[in-house]
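Dumping the structure here so I can ask a few things about it.
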Amino acid sequence: MINLPRKYKIPDKYRTIIYTGYLSIILLFLSFFFDLIFNLIYGTLNGNLGGPLTSITLIIGAILFIYSILRLALIIRNMKNKSQLSVHYNLLFGAFIVYIVLSILLTNLKII
């Protein structure tokens, strides 16, 4: 855990980028669970709701993730006090790695 002075607060413009990153991770996991659920229920994603819902949440999540990671990388590179933003950057990357490993693992186990 990083101990920062109580006076240090992330500015609002950076906070919105961090929230966008967390929203993108939520959308990626949501698309993964939609894929899993619709595949278990119907056996395919070709239903009326499953395919488009999964595809849209995956695409929006991926675009927001790339945007937030690139913005955070540029901001962190130019800041002096990087510790708080670096924690969020690392958490976003860690969650993305978990998403990738989980999707590869479940796909190779023929669950999806």
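For this chain, numbers begin at 1 and follow the sequence in order.
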Return the CG to CG distance between L30 and L23, rounded to the nearest 0.5 Å.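 Between L30 CG and L23 CG, I get 10.0 Å after rounding to 0.5 Å.
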
When rounded to the nearest 0.5 angstrom, what is the spacing between CG in L85 and CZ in R15?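 Answer rounded to 0.5 Å: 10.5 Å.
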
Can V98 be reached from Y89 by stepping across I, L, V, M, F, W or Y side chains whose heavy atoms are under 4.5 Å apart?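 In one cluster: yes.
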
Euclidean distance, L102 CG relative to F32 CZ, rounded to 0.5 Å: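 Spacing of CZ (F32) from CG (L102) equals 4.0 Å.
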
Side-chain heavy atoms under 4.5 angstrom apart, residues restricted to Ile, Leu, Val, Met, Phe, Trp, Tyr: same cluster for L36 and I104?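 Yes, L36 connects to I104 through the hydrophobic network.
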
Could you state the interatomic distance from CZ (R71) to OG1 (T16), rounded to the nearest 0.5 Å?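 These two atoms lie 8.0 Å from each other.
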
Could you give the distance from CG (L58) to CG (L53), rounded to the nearest 0.5 Å?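 Answer for the CG-CG pair, L58 versus L53, is 11.0 Å.
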
S68 vs I18 side-chain heavy atoms within contact, under 4.5 Å: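 Side chain of S68 against side chain of I18, heavy atoms only: no contact under 4.5 Å found.
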
Do any N or O atoms from the side chain of T54 and from the backbone of G51 form a donor-acceptor pair under 3.5 angstrom?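 Such a contact is absent between T54 side chain and G51 backbone.
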
Hey, is the main chain of S31 close enough, under 3.5 Å, to the side chain of D35 for a donor-acceptor pair?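 No, D35 side chain to S31 backbone: no donor-acceptor pair under 3.5 Å.
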
Check the hydrophobic clustering (I, L, V, M, F, W, Y; side-chain heavy atoms under 4.5 Å; chains of links allowed) and say if Y67 and F29 are grouped together.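 Looking at the clustering, F29 is in a separate group from Y67.
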
Exercise: do H88 and Y22 side chains pair donor with acceptor under 3.5 Å: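 On atom types as modelled, these side chains qualify, holding a pair under 3.5 Å.
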
May I ask you to test the L92-F96 pair for a side-chain heavy-atom distance under 4.5 Å?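 Side-chain contact under 4.5 Å: no.
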
Given the rule in the side chain to side chain contact (heavy atoms under 4.5 Å, CB included) test, do Y99 and I25 qualify, once you have shown the distances and angles that lead to the verdict? CA-CA 8 Å; Y99 165 75; I25 293 296; 6.0 Å; no

If hydrophobic clusters are built by linking Ile, Leu, Val, Met, Phe, Trp and Tyr wherever their side-chain heavy atoms come under 4.5 Å apart, do F65 and I26 end up in the same one?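 F65 does not cluster with I26.
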
Contact summary for I17 and L72, nearest pair of heavy atoms: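 Closest heavy-atom pair between I17 and L72: CG2-CG, 3.9 Å.
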
Roughly how far apart are I59 CD1 and L64 CG, rounded to 0.5 Å?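 Between I59 CD1 and L64 CG, I get 12.0 Å after rounding to 0.5 Å.
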
Ignoring hydrogens and angles, tell me if any N or O in the side chain of S55 forms a donor-acceptor pair with the backbone of P52 under 3.5 Å.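 The answer is no, because no donor-acceptor pair under 3.5 Å joins these two groups.
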
Joint cluster assignment, I63 & L70, ILVMFWY side-chain distance < 4.5 Å: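 Each belongs to a different hydrophobic cluster.
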
